[in-house]
> 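Supplied in structure tokens, the structure appears directly below.
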Amino acid sequence: MKRPTLKQTVLSLAALLLSSLLFTTSIQAKEGSCNVRGTGDLGLIIERATGSAQVVNTSTHKSLFRVKGLGDLSHASVVYSRDARYAYVFGRDGGLSKIDILCGTLVKRIVQGGNSIGGAISQDGSLIAVSNYEPGGVKIFASGDLSLVADIPASKVDDKKNSKTVGLVDTPGQNFVFSLYDTGETWVVNMSDPTKPNITRYKKIGKQPYDGLVTPDGRHYIAGLFGEDGMAILDLWHPEKGMRRIMDHYGRGEKKLPVYKMPHLEGWAIAGDRAFLPAVGHHEVLVVNSKDWKQQAHIKVHGQPIFVIARPDGRYVWVNFAFPNNDTVQVIDTETLKIVKTLTPGKGTLHMEFTPRGEAVWISVRDKDEVQIYNTETFEKKATLPVTKPSGIFFTSRAHTTGL
Amino acid sequence: MKVILPLLFFIMMNIATTTLAKTTHDIDIKKFKFSPAKITIDVGDTIRWTNKEKRQYHSVWFEQLGEPEPQYFFPNEFYERSFDKAGDFPYRCGPHPKMTGIVHVQQAGKKQPSVPKTKSVIKVEDSSTAITTNKTSSEISQKRREEILYLLKHDCGSCHGMTLKGGLGPSLTPDSINKMSTEQIVATITYGRPGTPMPPWKPFFNEKETLWLAQQLQKGIEDKKE
Ligand SMILES: [Cu+2]
């Protein structure tokens, strides 16, 4: 009896053909033909499974370009150059890609580390910092040509590994701030003299910091802790005072629920003098007074919150959730602290981004391969955009926001 | 085991078929269809599936027998198989799950209705044959397996990386986790690792599914793009 033999070459050819068929959708790739326009209403949507990103227009709800070849984007994030023309994409595979969003082209791509998680752009726009899991540490590059400026390995965990670094942000004074997951530290790196990075280390900030954020004024850096209920805060106006703990024991001794996805502290949901933060292991959004950092309230929500983000005017806070509740989005009224709306965009609701002044929010729905656009007053769905396995959405308004 | 047993099955069938007067039936594969999709043959007969597409490859997969997915075959190639047991044998194409067919095998000479009524039940008269191997996977439907792999990629992937090469959680590629036994992997997935972000997945997988998932990790997951 004969069994068919596998013809490797034919198979891979056929697979190539098939995959190119699958991935050429209706987007017009106008490579090389630049638009003469500003970028203020543009943005980038990451397509996590295909290593590509779409350049979108938030005024017309149209996709302008698809940029391919960005590597493993399973956990990608993006920062913008201060002219808001270039997007820097940080990929899981350690890739750092610079995209020209006016032309829809990949300007430069380097693989700078084994496994990166995020990055930041310096106050003056000249430096790009990348936070790496492997080898743990932060590398700093020139934003122009992506040449290496500084390599800052994190504290050693054992003789083979350095701590993973998380929660990397820029702060005023040409600083980068980040936390060390394995060793429970926060480091401030001053890059005023790019040839001499000056590092201040804060130790024992708490167990397993998993992410960090900076307030929009650039004054306070907050690290979320996985290993204990509470957060650590650094007042960058008074770094000499060191880090202190806030919201200790916010779980009030309640049993911790399993966390199927780590929350993100990107962005800062602030409304009046209240700040809204995701609890870890509790299906709650925490409300903190941003003057004294005391906890004011906790709001029961649909699941483990992932992103807790405020509409730019601070009137509402939008929340999405971890698996298995990741089909839902809830909207909290920041005055009454009540949930005013529960939406179900669909399974794999991964990220939300407001347009610069907040009349619309774009929501990526992975399992439907689409991005949904909602009116933030009426909560009506206004449009849907086909995007392959969308994850992060990043609009150019981030170019001028500290910490984003 | 998984490779050897189906082979054994083929060899056994070979021996059986040589002792019987056998006929070879043809099924063409064209335009993503098996034609005929339903066929009735006698015990001992052989079927030859011929790929008559211009450039598309296919496979003939008796998935419900718990066999691993066979190799693809390309235009002008064929795939042959003999049947030495009576019963209904549904099959599909591996890469194209919507392409399905069924082989109804009857005792030679016996007059039986030519089209079987239920197509999902495999009627194997001698249950002690090699057909009942590979239990774990045969009891998890293809759909569920795809769901689990999707979850692995995207939801486990949120901590371990979509390609499982590591993130906040360590790499789960075979060379990284082969230091653990299957039982240890199963226990880690089932109960999580208290004190670390690794959560317990018990609410989402039954024991068989967890075992299957652990085995997939040990084997290595092909990075199928979707
Ligand atoms: Cu097929």
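Protein chains get the first letters and strands the later ones, always in sequence-line order, with residue 1 at the start of each.
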> Is A/Lys368 atom NZ crowded by more than 12 heavy atoms from other residues, nucleotides or ligands, each under 6.0 Å away?
yes
> Using the ring pair (Phe, Tyr, Trp, His ring centres under 6.0 Å) criterion, which residues pair with A/Trp187? Sequence neighbours excluded.
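Partners of A/Trp187 by the ring pair (Phe, Tyr, Trp, His ring centres under 6.0 Å) criterion, ordered by chain and then number, come out as A/Phe178.
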> Looking only at heavy atoms and a cut-off of under 4.5 Å, which of A/Lys207, A/Glu134, A/Arg366 has the most pairs with chain B?
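Top count of heavy-atom pairs under 4.5 Å with chain B: A/Arg366.
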> Side chain, backbone, both or neither: which part of A/Tyr133 has a heavy atom under 4.5 Å from chain B?
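It is the side chain, since no backbone atom gets that close.
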> Would you mind telling me which of A/Gly348, A/Ser391, A/Gly227, A/Pro324 has the largest number of heavy-atom pairs within less than 4.5 Å of chain B?
A/Pro324
> For the side chain of A/Tyr260 and the backbone of B/Pro200, is there at least one donor-acceptor N/O pair under 3.5 Å apart?
yes
> The criterion is ring pair (Phe, Tyr, Trp, His ring centres under 6.0 Å); which residues satisfy it with A/Phe321, sequence neighbours excluded?
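Testing A/Phe321 for ring pair (Phe, Tyr, Trp, His ring centres under 6.0 Å), a comparison that skips the adjacent residues, returns A/His302.
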> From B/His154 NE2 over to A/Lys389 NZ, what is the distance, rounded to the nearest 0.5 angstrom?
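Answer for the NE2-NZ pair, B/His154 versus A/Lys389, is 5.5 Å.
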> Mind checking the OG-CG spacing from B/Ser158 to A/Asn326? Nearest 0.5 Å is all I need.
9.5 Å
> Taking side chain as everything from C-beta outward and backbone as N, CA, C, O, which of these in B/Pro203 sits under 4.5 Å from a heavy atom of chain A? Side chain, backbone, both or neither.
side chain
> For residues B/Pro197 and A/Gln208, report the shortest heavy-atom separation together with the two atoms involved.
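What the structure gives for the nearest pair is CD-NE2, 4.3 Å.
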> Is it true that atom CD of B/Gln184 has more than 12 heavy atoms of other residues, nucleotides or ligands lying nearer than 6.0 Å?
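Yes - once you tally the heavy atoms of other residues, nucleotides and ligands closer than 6.0 Å, there are more than 12.
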> Mind checking the OH-CG spacing from A/Tyr210 to B/Leu168? Nearest 0.5 Å is all I need.
11.5 Å
> CG of B/Asp155 to NZ of A/Lys347: how many Å apart, nearest 0.5 Å?
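These two atoms lie 8.5 Å from each other.
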> What part of A/Asp369 gets closer than 4.5 Å to chain B, counting heavy atoms only: side chain, backbone, both or neither?
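When you check distances to chain B, no heavy atom of A/Asp369 falls under 4.5 Å.
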> Determine, step by step, whether B/Met162 and A/Arg92 satisfy the side-chain contact (heavy atoms from CB on, under 4.5 Å) criterion, reporting the C-alpha distance in whole Å, the side-chain angles of both residues, the deciding distance to 0.1 Å, and the verdict.
CA-CA 9 Å; B/Met162 223 157 62; A/Arg92 247 295 154 71; over 6 Å; no
> Tell me the closest heavy-atom pair linking A/Asn115 and B/Gly167, and the distance in Å.
ND2-N, 3.8 Å
> Working to the nearest 0.5 Å, report the span between SG of B/Cys159 and CE of A/Met262.
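Taking SG in B/Cys159 and CE in A/Met262, the distance rounds to 6.5 Å.
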> Are there over 12 heavy-atom neighbours, none belonging to B/Lys202, within less than 6.0 Å of that residue's NZ?
no
> For A/Lys164, which atoms come within 4.5 Å of any heavy atom of chain B: side chain, backbone, both, or neither?
side chain
> Heavy-atom count check: over 12 atoms from other residues, nucleotides or ligands less than 6.0 Å from A/Lys161 NZ?
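No, not enclosed.
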